[in-house]
2 protein chains.
Amino acid sequence: MSNSWSEIRDEIKRRVLERELLPGAKLPNDQELAEEFGCARTTVQRAMQDLVHSGTVNRRRKGGTTVTLHPITRTTFDIPITRLEIQTAGKEYGYFLVSREIRVSPTHVASSFGLAKPMEMLHVVALHLADKKPYIYEDRWIVHSTTPEILDIDLSRESANEWLIRNRPYSDCEVRFLAKNATHHEAELLSADPGDAVFVMERTTWINKAPITMVRAIAAPGYQLVTKAS
Amino acid sequence: MSNSWSEIRDEIKRRVLERELLPGAKLPNDQELAEEFGCARTTVQRAMQDLVHSGTVNRRRKGGTTVTLHPITRTTFDIPITRLEIQTAGKEYGYFLVSREIRVSPTHVASSFGLAKPMEMLHVVALHLADKKPYIYEDRWIVHSTTPEILDIDLSRESANEWLIRNRPYSDCEVRFLAKNATHHEAELLSADPGDAVFVMERTTWINKAPITMVRAIAAPGYQLVTKAS
DNA sequence: ACTATTATTATGTGCATGCTTAATAGTATT
DNA sequence: AATACTATTAAGCATGCACATAATAATAGT
């Protein structure tokens, strides 16, 4: 009986799905499973690690392996550079800078970075277009003390989104999804009506504790984020 | 020089972050890296697998390992049972059934399941409360030919959300996030105003190709989905 | 009865070795 | 000369063993 680690994973998953193993149930230890499947303990370990990743089981040394008590839906979203998202969809990409100025950030921006009080940042507002139609409205605060080079970039030609992702990698990122009603200003730029529900993706990034940028990307009405979870 | 696989992973990630390895760049092969780090090839392989998971690098047999060309933000969200989400936040959970009837599904529901044409399903509308205030409005279509037991469940006592997650595991799940304006009916139940922007999470699940349920969970205004990506 | 130590047990990690896959070079055939 | 098949080989991938580590349970000492 020769089983690959992924077959073992699938079989355990099947037992969980078919309720042969109930939530909270303790699985046999790796050694026993290895004997059952006729393989080495390491192979079972591999399968189990994958199940830990997908949130199917929990493992603790000495405590053993148990089926996750409260099943959850674990989904993964990839957020690409906006230009690529548009071009991948087969649409023509367009971009223009709405405003660019250095000013003291509002408190909510500072607190999102975990900063005690507001500080001077570069505030950039821009619009991304798909097939000449507004697609994403980008309201961004850049901590230029962390990334001084950004001050020399001509943001009317290259989006801050793209420049930062390519030139200022981050170590930590907080993502926030929410819905809001479009303001007058946002609606105008997005060719929508004021009050229209818009989908907002907020991202705050740091490089080793140092704040880089916080962006509020507001999608035009109709935008959806889709993913297939296993 | 003894390095654990996670230290190797962190070091490679650092090189990518510090732009010592540019997007698209080819890394040395596992053998060479193993020599550099003074460890076995397998240990490098482990580190690399983790970097593949996080989307940092791509690997192809014979082709080698390359730094991901277009950096992306990969985020993972865990969507729990609504009751637990509320209780975990330290709030009192409440629930009531708004309506329950068997009827032919609209076409958009059928097409979400990948069904050619509409069919009879169980349609359930319910409200989840946090500290007696509306929290999530749940509009659900259940394929009762896949899960006939659901017809015998008293959904005024136990939410379909909970019963299904506990009793009808799924193998595939499609998740969709979007924003919309609350309808009159939705606004009333959520104690909001018609037209308020609400955050919508749509989930469609299957068990081995057989459709189970499609739920549209509409959160009360102010709801946010937050996660920390690495 | 409480605390410190030791034993046990289950998972985690590192290493050696052999397998699988895909790109490419080489060869034969049209 | 162009195509189609085959062999080579350079990568990553999978498996199994031995040992490390962590969490609990058992025991001994105060």
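Basis for what follows: all heavy atoms, side chains included, without hydrogens, waters or symmetry-related copies. Letters A, B, ... are given to chains in the order of the sequence lines, protein chains preceding strands, and every chain is numbered from 1.
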Short side-chain to backbone donor-acceptor contact, [X] and [Y], under 3.5 Å:
{"X": "Glu162(A)", "Y": "Ser159(A)", "value": "no"}
{"X": "Asn29(B)", "Y": "Gln31(B)", "value": "yes"}
{"X": "Thr68(B)", "Y": "Thr56(B)", "value": "yes"}
{"X": "Thr66(A)", "Y": "Lys26(A)", "value": "no"}

Query raised in the report: Counting any heavy atom closer than 4.0 Å, what does Gln31(A) reach on the DNA or RNA strands: base, sugar-phosphate only, or nothing?
Result: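 The residue Gln31(A) makes no contact with any strand.
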Query raised in the report: For Gly63(A), which contact category applies under a 4.0 Å heavy-atom criterion: base, sugar-phosphate, or nothing?
Result: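 The answer is nothing, as Gly63(A) stays clear of every strand by at least 4.0 Å.
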Could you tell me the separation between the [atom1] atom of [X] and the [atom2] atom of [N], rounded to a whole number of Å?
{"X": "Asn29(A)", "N": "dG12(C)", "atom1": "CG", "atom2": "C1'", "answer": "14 Å"}
{"X": "Asp30(A)", "N": "dT13(C)", "atom1": "CG", "atom2": "P", "answer": "13 Å"}
{"X": "Arg9(B)", "N": "dG14(C)", "atom1": "CZ", "atom2": "P", "answer": "11 Å"}
{"X": "Leu51(B)", "N": "dG12(D)", "atom1": "CG", "atom2": "P", "answer": "13 Å"}
{"X": "Asp50(A)", "N": "dC13(D)", "atom1": "CG", "atom2": "P", "answer": "14 Å"}
{"X": "Arg60(A)", "N": "dA23(D)", "atom1": "CZ", "atom2": "P", "answer": "8 Å"}
{"X": "Leu33(B)", "N": "dA11(D)", "atom1": "CG", "atom2": "P", "answer": "12 Å"}
{"X": "Arg46(B)", "N": "dT15(D)", "atom1": "CZ", "atom2": "P", "answer": "13 Å"}

Query raised in the report: Do His128(A) and Tyr95(A) have ring centroids that are under 6.0 Å from one another?
Result: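 Ring-ring flag for Tyr95(A)/His128(A): true, centres closer than 6.0 Å.
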Query - Centroid separation Phe199(B) to Phe177(B) less than 6.0 Å - result: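 They qualify: ring centres under 6.0 Å apart.
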So, does [X] get its side chain near the phosphate of [N], meaning an N or O under 4.0 Å from OP1 or OP2?
{"X": "Ser4(B)", "N": "dT13(C)", "result": "no"}
{"X": "Thr43(B)", "N": "dT13(C)", "result": "no"}
{"X": "Gln45(A)", "N": "dT11(C)", "result": "no"}

Report task. Salt-bridge test for Arg9(B) and Glu7(B): reply yes if a basic N is under 4.0 Å from a carboxylate O, no otherwise. Result ->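 No salt bridge links Arg9(B) with Glu7(B).
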Query raised in the report: From Met119(B) CE over to Phe113(B) CZ, what is the distance, rounded to the nearest 0.5 angstrom?
Result: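 So the gap between those two atoms works out to 9.0 Å.
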Report task. Output the single nucleotide from dT13(C), dC13(D), dG12(D) whose closest atom is nearest the side chain of Gln49(B). Result ->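 Of the candidates, dC13(D) comes closest.
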Query raised in the report: The side chain of Arg59(B) lies closest to which of these nucleotides: dC13(D), dT11(C), dA14(D)?
Result: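 Nearest listed nucleotide: dC13(D).
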Query raised in the report: What does the inter-axis angle of the helix from dA1(C)-dT30(D) to dT30(C)-dA1(D) come out as, five pairs per end, nearest 10 degrees?
Result: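 Between the first-five-pair axis and the last-five-pair axis there is 10°.
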So for [X] and [N], does any side-chain atom that can act as donor or acceptor lie under 3.5 Å from a complementary atom in the base?
{"X": "Lys62(A)", "N": "dT8(C)", "answer": "yes"}
{"X": "Thr42(A)", "N": "dC17(D)", "answer": "yes"}
{"X": "Arg61(B)", "N": "dT20(C)", "answer": "yes"}
{"X": "Arg41(B)", "N": "dG14(C)", "answer": "no"}

